[in-house]
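Taking it in order: structure first as structure tokens, then the write-up.
Chain A is the first sequence line, chain B the second, and so forth, proteins listed ahead of strands; every chain is numbered from 1.
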Amino acid sequence: MRVSQMFIPTLREVPAEAEIASHKLMLRAGLMRKLASGIYSFLPLGYRVFRKIEQIVREEMDRAGAQELIMSALLPAEVYQASGRWEVFGPEMFRLKDRNGRDFCLGPTHEEIFTELVRNETRSYRSLPMTLYQIQTKYRDERRPRFGVMRSREFVMKDAYSFDRDEAGLDISYKKMHDAYCRAFDRCSLDYIVVDADTGAMGGSGSQEFMVKSEIGEAVIAFCEACGYAANDEKAQCIPDNECSSKECVAGRELPLEKVATPDVKTIEDLTEFFKCSPKEFAKTLIYQADNRVVAAMVRGDRELNETKLQNYLGCIELAMADAETVSGVTGAAVGFAGPVGLKVEIIVDPEVAGMKNFVIGANETGYHLKNVNIGRDFKASAVIDLRKITEGDKCPKCGAPVKVARGIEVGHIFKLGTKYSKALGCVYLDEAGKENPMVMGCYGIGINRTMAAVIEQNNDENGIIWPMSVAPYHVIIVPVNTTEPAQMEIAEKIYRDLQAAGIEVMLDDRNERPGVKFKDADLIGIPIRITVGKKAGEGIVEYKQRQAAGVADMSIEEALVRAKNEVLEALGR
RNA sequence: CGGGAUGUAGCGCAGUUUGGCUAGCGCGCUUGCUUCGGGAGCAAGAGGUCGCAGGUUCGAAUCCUGUUAUCCCGACCA
């Protein structure tokens, strides 16, 4: 298309609202504009990219045997009430009423709707397995929309749902989706990692996330370069490190319990200062409010508690640090002096703490700590389970090598749901013997908008976006340096026609702008190949430039045409 | 939801402390001339109820009260 006729409102300066590279560039390159917090309009160039990503995902879903359909974003309350999620979603769900006062919502996710559809229409084992999907808009009234399209209130998700007879069937359907996701993200040229994930409130027997490594990612992932283990930090299993630094511990003798006055010594930093020793010789006692009960959780002084692990163990819906009033009610001391000795609540202990001897804890008395505490002798643990957060250098739970920790953007998530929804909603099939069984389900999501932002996060430089060919809004841009030179325009027009005839998506920058402006815009919007028609046009020479490469090359028109066609077709795998 | 910050032209900002404004600057936009290989030069223009509402005052972008929107950190999040 001719740039003079296109709606590409590029910006020279970065709007103040944008912080991260992808958000800034999506605004500057004229891909989108904000309508409200977490709500964006995609402009022509941005929408082309959006549709290409969508199409890649669609092709890979179809190739994996999934069938596309489309559902409404406007959903009646009943279907969520049946599964109990009308309440669970809380204020995150956009709710509205129709003219008769009936409750509706804008769908935040569609498990229930798919399950209900299949329940109503499918009865026989002969129809299974089956995987259905849609690429459709979701609405979530996020507490804090962030980073442009990275966490927005309206977004497009590809959501797929598999229905199988049994776990073995689910394993196969799940694997197919896993492989399809890999192909889709590969085609988007994303550098991603597949990590084990916590199933959380979704329940089910297994889950993996597709993470694009990025510093601005909201998730933390641990991975092992030695054996390939990778997990979300909520899920990552920790191997206790019971290397002890104190002599008493090495000797293995239990020393007599001592109460030490520690006025104003509250934090771990204060304690290491006061006792002149390593934080590894303390244990933190954290008081939590879990639904209606109060529990204590202990991790070593230098560790952080992993709330997901605690929550999974407790099986509670709500988990939060107890407020100061609750803490003093339980411990009889101000915050900062909690300890397990004499505590009347459930005490859950990390294996590292369980392996410690003669350590220091709060005395449950304001201004005092206990020294030479020993588990078993001085207090009893209700349970010993892995409770801590993994850190860089921890032993890999699979092979023992030191793990690395990085941040990631979650672009895809696959779940083995099992029978949670099928049982709740009565989604059953009849087997050969005529017996009713719940279908075994999986669900699979890809955030299209977020994937687009992730591609930009990984493919940009100080001049702008560097689109991979597969998702670039156009493949080639032709830049005649001076549109008032008929020789240049003639050649530019010829290249334009030839490439279009070859099925290449091409832009012709026919604006009567100075060359600097056109080069800057071409770089900013990130078109993979640029063909510049300049002074040497008269000799039949043009300049060829790849967006991701530094150099330029002069060549004949014919050569440039051949090269552009080859590069585009090769990159697209045609 | 807790903490912090900010709303002045399409974008970026100054002016607010100490009220005097008929509100400026850069970019972009329009017109003309010149220019044409990395965001051109000259000239002439268009564009703003200073987020909104109320109050104080002779006078409010500026002070007070309320409200709303946006962004950041945290908490939270299928």
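Searching all strands for a Watson-Crick or G-U wobble partner of B:U57 with both distances below 3.5 Å returns nothing. Under the Watson-Crick or G-U wobble criterion, with both distances below 3.5 Å, B:U18 is left unpaired in every strand shown. In this entry B:U70 has B:A5 as its Watson-Crick or G-U wobble partner, both defining distances falling under 3.5 Å. When both pairing distances are held under 3.5 Å, B:G37 makes no Watson-Crick or G-U pair with any nucleotide shown. Base pairing of B:G47: no nucleotide in any strand meets the Watson-Crick or G-U wobble criterion (both distances under 3.5 Å). The base-pairing partner of B:U62, taking Watson-Crick or G-U wobble contacts with both distances under 3.5 Å, does not exist among the strands shown. Both distances falling under 3.5 Å, in either a Watson-Crick or a G-U wobble arrangement, place B:C42 opposite B:G32.
If you measure from atom CG of A:L43 to atom P of B:C11, you get 14 Å, rounded to the nearest angstrom. As a whole-Å value, the separation of A:K520 NZ from B:C27 C1' is 15 Å. Rounded to an integer number of Å, the gap from NE2 of A:H413 to P of B:C77 is 14 Å. Rounded to an integer number of Å, the gap from CE of A:M32 to P of B:C11 is 15 Å.
Remark: the backbone N or O of A:S22 is paired with a side-chain donor or acceptor of A:E457 at under 3.5 angstrom.
With hydrogens and angles ignored, no donor-acceptor pair under 3.5 angstrom links the side chain of A:N482 to the base of B:G37. At a cut-off of 3.5 angstrom, counting only N and O atoms as typed in the model, there is a donor on one side and an acceptor on the other between the side-chain of A:E13 and the base of B:G26. In terms of polar N and O atoms assigned as donor or acceptor, the side chain of A:R511 never comes within less than 3.5 Å of the base of B:G39 in a complementary pairing. A donor and an acceptor atom never sit less than 3.5 Å apart when one is taken from the side chain of A:R28 and the other from the base of B:G12.
Within the 4.0 Å cut-off from OP1 or OP2 of B:C36, not a single side-chain nitrogen or oxygen of A:T484 is found. Distances shown here put every side-chain N or O of A:K34 at or beyond 4.0 Å from the OP1 or OP2 atom of B:U70. Here A:R144 does not reach the OP1 or OP2 of B:G2: none of its side-chain N or O atoms lies under 4.0 Å away. Side-chain N/O atoms of A:R146 include one lying less than 4.0 angstrom from OP1 or OP2 on B:G74. The phosphate of B:G28 (OP1 or OP2) has a side-chain N or O of A:R12 nearer than 4.0 angstrom.
You'll find the ring centres of A:F210 and A:H178 inside the 6.0 Å limit.
Heavy atoms of A:Y139 sit nowhere under 4.0 angstrom from any nucleic acid atom. Across all strands, A:V479 comes closer than 4.0 Å to no nucleic acid atom at all (heavy-atom distances). As judged by a 4.0 angstrom heavy-atom cut-off over every strand, A:A16 is placed among residues touching the sugar-phosphate backbone only. Heavy atoms of A:E543 sit under 4.0 angstrom from at least one base atom. Across all strands shown, A:M93 has no heavy atoms under 4.0 Å from either base or sugar-phosphate atoms. Looking at heavy-atom distances under 4.0 Å, A:R33 makes no contact with the nucleic acid at all.
A residue-by-residue look at A:D554 and A:L319 shows that A:D554 has its nearest nucleotide of RNA chain B further toward the 5' end. Comparing A:E234 and A:N463 by the nucleotide of RNA chain B that holds the closest heavy atom to each, the one mapping nearer the 5' end is A:N463.
Here, B:C42 and B:C58 have their C1' atoms 46 Å apart, quoted to the whole Å.
A salt bridge does not link A:D198 with A:K309: none of the charged nitrogens is closer than 4.0 Å to a carboxylate oxygen. Comment: A:K389 does not engage A:E234 in a salt bridge, judged by the lack of any side-chain N to carboxylate O separation of less than 4.0 angstrom.
In the set B:C11, B:G39, B:C77, the nucleotide with an atom closest to the side chain of A:P15 is B:C11. Closest to the side chain of A:E142, from the set B:C36, B:C77, B:C11, is B:C77. Taking only side-chain atoms of A:N512, from C-beta outward, the nucleotide of B:C36, B:G37, B:G12 with the closest atom is B:C36. The side chain of A:E307 lies closest to B:C76 when the candidates are B:C76, B:G38, B:C36. Nearest to the side chain of A:L524, among B:C29, B:G39, B:G37, sits B:G39. For A:K535, whose side chain is taken as the heavy atoms from C-beta onward, the closest listed nucleotide among B:G37, B:G39, B:C71 is B:G37. For A:T532, the listed nucleotide lying nearest its side chain is B:G37; candidates were B:G39, B:G37, B:G38. The side chain of A:F147 has B:C72 as its nearest neighbour among B:G39, B:C72, B:U70. Between B:C71, B:G37, B:G39, one nucleotide has an atom nearer to the side chain of A:P515 than all others, and that is B:G37.
Taking all atoms of both residues into account, the shortest heavy-atom contact from A:V327 to A:I287 is CG2-CB, 3.9 Å.
Between A:M439 and A:D164 there is no side-chain heavy-atom pair separated by less than 4.5 Å.
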So A:Y444 and A:S162, side chain to side chain donor-acceptor pair (under 3.5 Å) or not? Walk me through it.
CA-CA 8 Å; A:Y444 317 89; A:S162 66; 2.7 Å; yes

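Residue A:S4 forms a side chain to side chain donor-acceptor pair (under 3.5 Å) with just one option from A:D509, A:D510, A:T483, and that option is A:D510.
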